[in-house]
Every structure is written in C-alpha cells, then in structure tokens.
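I have placed the structure first, in the form of structure tokens, so that the comments after it can refer back to it.
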Amino acid sequence: MIPEWVEGFLGERETRLAEDAARMQLVLDLTRAQVRAGTGGPFGAALFDARSGELISVGINLVVASHCSMAHAEMVAIASAQQRLGYYDLSQVVPGGCVIYSSAEPCAMCLGAIPWSGVERLVCAARDTDVRGIGFDEGHKPADWPQGYAQRGIAVSRDILRDEAVAVLRDYAGQGGEIYGARKQ
C-alpha cells in the first residue's frame, strides 16, 4: 500500500534518532516528499522506539490513492508496525514503549485509535486549526483531548517544528492538492 518511493527515501536516512526535533524532521521530510510525489495528502507520521530511538514504521496519508477514508498517516504507521511486529498492542512488544510523531494533531478518528495501539507518547507539529485552515474536516474533538490522553498515560508534545509543518500544508493547498473529508468547509 505504501508507495515504492518511501523505501528509497528511508534508505537515504539515519533511522536511529534521539531528539524530538530530528524525528519530526524525518516526518516532515517524508510529508514534503509525499506532496512532491503526488501520492497522497499532506500528512506524515512515524513510530519510534522510545528507549532506543529506532524507527519502527512510517505512514503517509493514502486516503485518495487507496480509496480508503481510514488511510490516514497515523493509521498507516500504526497498522504497519502492528503487522510487522505481529501484535495489536505495541506496548506488549516494544519494551521501551512507542512514540508516534505526526505532522499534525490527530483528527477525530486517529485521536480514538492512538490509545488502542499501545502508543505511550504523541508528538505533533501543526495544530488542528492549521489543518482546518486549509480546508480539511478534522471531525469533532474535545478541546481538552491532551488531558484525556494524559489520563490514559499518553504524554502529548505539541508544536514541534510547527511552522515548517504549516508550510507543507500551505504548499499542498497552493498546488491544488485535493482537500477531502466528510464535510468540506
């Protein structure tokens, strides 16, 4: 399901990264490459082993290419890791825990899926308002969702390389990229 160019992209990069900014930079570079390749929407994600810093999986938005509304970057990254590691609860098979890095805050669907995956931390770049600002429908989300995650033991870090992520969103929209969702705004 993931386009062939992604393997080449990853083959050229260091995949053991210690810092949030370096991990997010990988996600944003992947997202930018996705927009250039025209293989999907302007969203990317990656799962890392929290302890070792090793990349576990990546995901890019494949909604249009796959004709599947569930093929969001976070969902693709999580599903790829679960299938590769052979278990639905990543906390059971990654002793150091998993961190998901996303080019934008999760939509309503991804917001619900992340806790069920066994991810222990979420790091986001662009905000929900940035994504909605170019026309995507992110669905209904409680305003206090980061506190809800904290109550479930999932830490949230926001605004990591936000300006760069917003630039990718704007480039996508400026190039006439398809804006999709249940309700276009």
Side-chain angles (χ1 to χ4, degrees), residues 1-37 39-62 70-107 109-127 145-165 168:
M1 182 149 99
I2 292 182
E4 290 181 20
W5 65 261
V6 174
E7 189 174 319
F9 170 89
L10 291 174
E12 301 169 1
R13 309 219 178 256
E14 174 63 39
T15 59
R16 184 181 295 265
L17 303 168
E19 303 295 322
D20 282 345
R23 294 175 187 177
M24 186 61 76
Q25 189 64 61
L26 182 139
V27 168
L28 294 178
D29 290 346
L30 176 68
T31 306
R32 195 176 294 103
Q34 159 87 331
V35 171
R36 275 194 309 271
T39 51
F43 304 101
L47 278 164
F48 283 87
D49 181 309
R51 187 180 302 155
S52 73
E54 188 66 35
L55 178 67
I56 298 170
S57 68
V58 298
I60 51 177
N61 185 285
L62 299 170
M70 295 179 291
H72 288 202
E74 299 94 333
M75 304 290 275
V76 171
I78 290 168
S80 177
Q82 290 169 330
Q83 290 173 0
R84 187 171 67 80
L85 298 174
Y87 206 71
Y88 62 89
D89 182 349
L90 296 171
S91 69
Q92 300 296 310
V93 292
V94 182
C98 289
V99 182
I100 189 165
Y101 290 77
S102 180
S103 63
E105 291 180 346
C107 70
M109 175 181 64
C110 296
L111 188 71
I114 289 170
W116 293 339
S117 69
V119 166
E120 298 170 2
R121 183 169 173 240
L122 166 66
V123 180
C124 310
R127 291 271 181 132
W145 69 266
Q147 291 79 15
Y149 265 27
Q151 290 172 354
R152 295 184 71 130
I154 302 169
V156 175
S157 299
R158 299 161 91 180
D159 300 333
I160 307 299
L161 303 181
R162 181 180 181 187
D163 292 341
E164 190 171 335
V168 174

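These values consider heavy atoms only, across backbone and side chains, with no hydrogens, waters or symmetry-generated copies.
- The CG atom of Leu47 sits 7.0 Å away from the OG atom of Ser117 when rounded to the nearest 0.5 Å.
- Residues Ala113 and Met75 come closest through the heavy atom pair CB-SD, 3.4 Å.
- Legend: residues meeting ring-ring contact (aromatic ring centres under 6.0 Å, His included) with Tyr149, ordered by chain and number and at least two apart, are Trp145.
- The minimum heavy-atom distance between Pro42 and Ser103, with the atom names listed, is O-OG, 4.0 Å.
- We find the SG-CD1 distance between Cys124 and Ile100 to be 9.0 Å, quoted to the nearest 0.5 Å.
- Sparse packing is recorded around CD of Glu7, with 12 or fewer heavy atoms of other residues, nucleotides or ligands lying under 6.0 Å away.
- Enclosure of atom CD in Glu4 is not indicated, since only 12 or fewer non-hydrogen atoms of other residues, nucleotides or ligands lie within 6.0 angstrom.
- Residue Thr39 holds its OG1 atom at 10.0 Å from CD1 of Ile2, rounded to the nearest 0.5 Å.
- Under the salt bridge (Lys or Arg N to Asp or Glu O under 4.0 Å) criterion, no residue pair touches residues 72-94, with sequence neighbours excluded.
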Intermediate values then yes/no, side-chain contact (heavy atoms from CB on, under 4.5 Å), Val76 and Ile60
CA-CA 7 Å; Val76 171; Ile60 51 177; 5.7 Å; no

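- Judged by distance alone, with hydrogens and angles left aside, the side-chain atoms of Ser80 form no donor-acceptor pair with the main-chain N or O of Ala77 at under 3.5 Å.
- Ser157 contributes no side-chain N or O that, together with a main-chain N or O of Val123, makes up a donor-acceptor pair within less than 3.5 Å.
- Taking CZ of Phe9 as the reference point, atom CD of Gln34 lies at 11.0 Å (rounded to 0.5 Å).
- Atom CH2 of Trp5 has more than 12 neighbouring heavy atoms from other residues, nucleotides or ligands inside a 6.0 Å radius.
- Shortest non-hydrogen contact noted between Pro106 and Ile114 is CB-CD1, 4.2 Å.
- Within the 3.5 Å criterion, the main-chain N or O of Pro95 finds a donor-acceptor partner in the side chain of Arg51.
- The distance from atom CD of Gln25 to atom CZ of Arg13, rounded to the nearest 0.5 Å, is 8.5 Å.
- Between Ile56 and Leu90 the shortest side-chain heavy-atom distance does not fall below 4.5 Å.
- We find the CD-CD distance between Gln92 and Gln82 to be 12.0 Å, quoted to the nearest 0.5 Å.
- With Arg32 contributing its side chain and Val168 its backbone, the two residues share no donor-acceptor pair below 3.5 Å.
- Heavy-atom contacts from other residues, nucleotides or ligands closer than 6.0 Å to CD of Glu19 number 12 or fewer.
- Pairing each heavy atom of Leu161 with each of Ala21, the nearest pair is CD1-O, 3.6 Å.
- Taking all atoms of both residues into account, the shortest heavy-atom contact from Ala50 to Val99 is CB-CG2, 3.7 Å.
- Figure legend: Arg23 and Tyr101 shown without cation-pi pairing, the cationic atom not lying both under 6.0 angstrom from the six-membered ring centre and within 45 degrees of its axis.
- Side-chain contact between Asp29 and Glu12 is absent, with no heavy-atom pair separated by less than 4.5 Å.
- The shortest heavy-atom contact between Gly97 and Glu120 is CA-OE1, 3.3 Å.
- In this structure, the side chains of Leu55 and Leu17 stay at 4.5 Å or more apart for every pair of heavy atoms.
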